[in-house]
K.L.:
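Here it is, the structure in full.
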Amino acid sequence: MEEAGNFPKNIGRYEIKGLLGAGAMGSVYLAEDPRIKRKLAVKVVRLNAIHSELERKEFLARFQREAEVSGVLNDPGIVTIYDVGDSEIGPYLAMEFVPGRPLDALIKEGSALTLKEKLVIAAGIASALDHAHDKGIVHRDVKPGNVMITEDRRPKLMDFGIAKREDASLTQTGTFLGTPSYASPEQIREGIAVAASDLFSFAVLTFELLSGSLPFPGTSINTILYRIVNEPPVEIKPPVEGLLPEAWQRIFARALAKDPADRHPTCSAFVKDLLDGARDLGRTDRMQLLGHLRSEHVGGTHHSHPLEEVAPEIRSMAAPVRGKGGKGLLYAIVAAVAVAAGAGGVFLFRSGSGQVMLDTLPPGAKALKAGVEVGTTPLPLALKAGDVLRFEKSGYKPLDFRFQGGSPPPRLTLEAMTSRETIRTFPDGATVVLDSVKLEGVTPLEVPAWDQSVEHDLTCTKGDLLVATRFNQGETPGSRVFTLVDASRTRAGAEPKAVDVHAPGTLKFTAPYSVRVKVDGRDAGEVREGGTLSAPPGSHRLEVSNPRVFLRETLTVTVAPGQVSAVALPGLCSLTVNTFPNSGTVVVDGIATQAESDGNTPIQLVKGRHAVNVHGRAGAAQTVDLTGDFKLNMRF
């Protein structure tokens, strides 16, 4: 495994920013295209994993094929390939950077996803695979490790047409391409893969996603392959919560059939079957999930719901159909409901008003109408022309939307919030690793563009001292100071110590000078340079002063129980005053100094705004905003 920071500066024309992951065959780097300032991921095959020039050309050909496949595919659930090439460190593939986590990591952790969230993931993968199959493309290696889950819980399918030699090949000749636990019987027996083979692998993935177990477990590859070819999937006990046990057995018996012809016709039809077997899904959830699927692949059952299950506003539109097929309108209405539920559709019942499916990118935004929360996106809502809604999501800027009526509303894109943050530690001088990328410099360290729309992992180390923490969406370091502790007292996975909500916090003053402090009007005494002060949790009004450096400030701080909070005060600079034709004693903020206005005597004071004058020159004061050392010339 490569250490963070031990990576090339460039691969091809791409500037390398950090290491995303590494394995036996190569590495994946976070990079930037300098021409268009776009973030992307660059996958490189290690030269020491390539044993001949022929093998190097083979990897290049595979990368080229994947790039060509990407040019054919156009689906939001498939990672886009931008470029392919060769470099000094090996063949590389430049692709869309997807902030998130691989599905296999979420499954291994036993991530607490709801049944609906799992079905949303399955539906997104199904839609992507069906799109690929429509284009005549078979993935051949569908598995959780080839699915990225974004921060908004949407899946992105990766690695089309690429055989994973480092963990997938049973023979050097490539007779079998795929990962053993997810391979189909025909891939194992004959070395061939068709669209139905992808469906089988996808069914294994879904089985594991929903139950946490593989349908064909085994302690050796031979055992796994034998069970895939010869045995039915294992029975899950207790049954998966939210799914009817008899439906589970029937659906997976078909999806994991040994004969490809006996399986579901499409991946979307398989997921639709699962939706039918889910007992805890409400009508709205079901409509939303159907919207994630490709309607043309769901099959005839997609239009078979009775009219009574459709929203009453839509049911009122039913009327006899003139022309071909008396049931055409009924089926068309139900199909339209399912499609619009996922695409942000609108149903108009009178001029400018109707039932609207509102969606945001990312989903899960809180929708407010007239200041009252009405739900989270995707959200079906009755609106009329002129209605205004506000969408709010942690880590994103609020978005106001006015419904115009008469046409489907677009999917609304929320803008991520960024802020300038400073990472502070106690003691200072710690090395910082943010999201697996080592930052230049030591604490206190400024991060110019902290993206609040994503989670962040932060680790600070100094010798044997360290601190590690995670920031959720919308969270920032703010004024917090992270206390480094002895690494020998910290173990991986240790539970954080409980903090008494009434425990006092600590205020750490970062100024290079001492200050007199009043807390909520009460004198707390003098705090020395870099010193601390204990305060009860809550919001407090601080009055800080030091006449020697002309400081007098009032500020509000929030103290968290048991936490260290930084009190950032202005730094120091020097001011030199030169008056003409005569000099005098310099007065700063109404306080006489010991300095003469001769242009040669610097005065040390805090940065910021000050009123400067010379003794005996009433009304001649000048206001200066100091950001650094400054010489002020005054003429009387």
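Remember, it's a predicted structure, so these values are computed and weren't measured experimentally.
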K.L.:
Can you tell me how far apart CG (Leu209) and CG (Leu106) are? Round to the nearest 0.5 Å.
P.N.:
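It comes to 9.0 Å.
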
K.L.:
Quick one: do Leu40 and Glu96 satisfy side-chain contact (heavy atoms from CB on, under 4.5 Å)? Show the steps, please.
P.N.:
CA-CA 5 Å; Leu40 66 159; Glu96 174 187 1; over 6 Å; no

K.L.:
Side chains of Ile16 and Asn10: does their closest heavy-atom pair fall under 4.5 Å?
P.N.:
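In short, these two side chains do not touch, never coming nearer than 4.5 Å.
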
K.L.:
Go through the steps for Thr418 and Gln452 under the test side-chain hydrogen bond (donor to acceptor under 3.5 Å, both in side chains), then give the verdict.
P.N.:
CA-CA 6 Å; Thr418 58; Gln452 297 185 29; over 6 Å; no

K.L.:
Set out, in order, the CA-CA distance, both residues' side-chain angles and the distance that settles side-chain hydrogen bond (donor to acceptor under 3.5 Å, both in side chains) for Ser197 and Gln187, then state yes or no.
P.N.:
CA-CA 7 Å; Ser197 309; Gln187 284 176 284; 4.9 Å; no

K.L.:
So how far is it from Ser419 OG to Asp451 CG, rounded to the nearest 0.5 Å?
P.N.:
9.0 Å

K.L.:
Would you name the heavy atoms of Phe202 and Ala122 that are closest together and state the gap between them?
P.N.:
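Smallest interatomic distance, heavy atoms only, reads CZ-O, 3.2 Å.
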
K.L.:
Any side-chain hydrogen bond (donor to acceptor under 3.5 Å, both in side chains) pairs touching residues 205-219, not counting sequence neighbours?
P.N.:
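Listed once each, the pairs are Tyr182-Glu208.
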
K.L.:
Answer yes or no: is there a side-chain heavy-atom contact under 4.5 Å between Val374 and Leu368?
P.N.:
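Result no, sub-4.5 Å side-chain heavy-atom pair not found.
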
K.L.:
Any side-chain heavy atom of Leu434 within less than 4.5 Å of one from Asp457?
P.N.:
no

K.L.:
Once rounded to the nearest 0.5 Å, what's the spacing between atom CG of Leu389 and atom CG of Leu381?
P.N.:
6.0 Å

K.L.:
What's the separation between atom CD1 in Ile251 and atom CG in Leu275, rounded to the nearest 0.5 Å?
P.N.:
9.0 Å

K.L.:
Identify which one of His139, Lys43, Arg140 satisfies the side-chain hydrogen bond (donor to acceptor under 3.5 Å, both in side chains) criterion when paired with Asp159.
P.N.:
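With Asp159 as partner, His139, Lys43, Arg140 yield a single side-chain hydrogen bond (donor to acceptor under 3.5 Å, both in side chains), made by Lys43.
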
K.L.:
Taking all non-hydrogen atoms of both residues into account, name the closest pair between Tyr396 and Ser453 and its distance.
P.N.:
CZ-CB, 3.3 Å

K.L.:
Taking the side chain as C-beta and beyond, is there a heavy-atom pair between Leu19 and Leu30 under 4.5 Å?
P.N.:
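Of all side-chain heavy-atom pairs linking Leu30 with Leu19, none is under 4.5 Å.
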
K.L.:
Does the side-chain contact (heavy atoms from CB on, under 4.5 Å) test come out yes or no for Thr114 and Lys118, once each step is laid out?
P.N.:
CA-CA 6 Å; Thr114 65; Lys118 292 177 180 180; over 6 Å; no

K.L.:
Would you mind checking if Asp33 and Lys37 are paired as a salt bridge, meaning a charged N to carboxylate O distance below 4.0 Å?
P.N.:
no

K.L.:
Where the side chain of Trp450 meets the backbone of Met417, is there a donor-acceptor pair that is under 3.5 Å apart?
P.N.:
no

K.L.:
Apply the test side-chain hydrogen bond (donor to acceptor under 3.5 Å, both in side chains) to residues Asp130 and Ser268: give CA-CA distance (whole Å), side-chain angles for both, the deciding distance (0.1 Å), then the verdict.
P.N.:
CA-CA 7 Å; Asp130 284 341; Ser268 291; 2.6 Å; yes

K.L.:
Just so I know, are the side chains of Asp276 and Lys272 near enough to count as touching, which here means a heavy-atom distance under 4.5 Å?
P.N.:
yes

K.L.:
Taking all non-hydrogen atoms of both residues into account, name the closest pair between Ala126 and Leu293 and its distance.
P.N.:
CB-CD2, 4.2 Å

K.L.:
Go through the steps to decide whether Leu205 and Val147 satisfy the test side-chain contact (heavy atoms from CB on, under 4.5 Å), and finish with yes or no.
P.N.:
CA-CA 10 Å; Leu205 178 156; Val147 178; 4.2 Å; yes

K.L.:
Under 4.0 Å between a Lys/Arg side-chain N and an Asp/Glu carboxylate O for Glu415 and Lys397?
P.N.:
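The answer is yes: the pair qualifies as a salt bridge.
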
K.L.:
One pair to check against side-chain contact (heavy atoms from CB on, under 4.5 Å): Lys393 and Thr376. What are the steps and the verdict?
P.N.:
CA-CA 9 Å; Lys393 184 176 175 66; Thr376 56; over 6 Å; no

K.L.:
Do Ile137 and Leu73 come within less than 4.5 Å of each other through their side chains, counting heavy atoms only?
P.N.:
yes

K.L.:
If you take all heavy atoms of His133 and Cys267, which pair is closest and at what distance?
P.N.:
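Smallest interatomic distance, heavy atoms only, reads CE1-SG, 4.3 Å.
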
K.L.:
Taking atom CZ as the centre, does Arg279 end up with more than 12 heavy-atom neighbours from other residues, nucleotides or ligands that are less than 6.0 angstrom away?
P.N.:
yes

K.L.:
Just wondering, do Leu412 and Leu361 contact through their side chains at under 4.5 Å, heavy atoms?
P.N.:
no

K.L.:
Should Glu186 and Arg263 count as an ion pair when the cut-off is N to O under 4.0 Å?
P.N.:
yes

K.L.:
Is it true that Arg101 and Glu455 make a salt bridge, defined as a side-chain N closer than 4.0 Å to a carboxylate O?
P.N.:
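Between Glu455 and Arg101 there is no salt bridge, as every charged N stays at least 4.0 Å from the carboxylate O atoms.
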
K.L.:
Mind checking side-chain contact (heavy atoms from CB on, under 4.5 Å) for Met148 and listing every partner two or more places apart, or none if nothing turns up?
P.N.:
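Met148: side-chain contact (heavy atoms from CB on, under 4.5 Å) contacts with Val98, Pro102, Lys156, Met158.
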
K.L.:
Check whether Tyr14 forms a cation-pi arrangement with Arg38 (NZ or CZ under 6.0 Å from the six-membered ring centre, at most 45° off the ring normal).
P.N.:
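Not satisfied by the 6.0 Å and 45° rule.
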
K.L.:
CG of Asp359 to CG of Leu379: how many Å apart, nearest 0.5 Å?
P.N.:
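Between Asp359 CG and Leu379 CG, I get 9.5 Å after rounding to 0.5 Å.
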
K.L.:
Kindly indicate whether the side chain of Val42, heavy atoms from C-beta on, has any atom under 4.5 Å from the side chain of Val28.
P.N.:
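Not touching, per the 4.5 Å side-chain cut-off.
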
K.L.:
Kindly give the heavy-atom pair with the smallest separation between Ser87 and Tyr92, and that separation in Å.
P.N.:
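The pair with the smallest heavy-atom distance is CB-CD2, 3.9 Å.
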
K.L.:
List for me each residue that meets ring-ring contact (aromatic ring centres under 6.0 Å, His included) alongside Phe252, sequence neighbours excluded, and say none if there are none.
P.N.:
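Phe252: ring-ring contact (aromatic ring centres under 6.0 Å, His included) contacts with Phe207, Trp248, Phe270.
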
K.L.:
For Ser184 versus Ser201, what's the shortest heavy-atom pair and its separation?
P.N.:
N-OG, 4.4 Å

K.L.:
Report the distance from atom CZ of Arg411 to atom OG1 of Thr360, rounding to the nearest 0.5 Å.
P.N.:
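The distance works out to 7.5 Å.
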
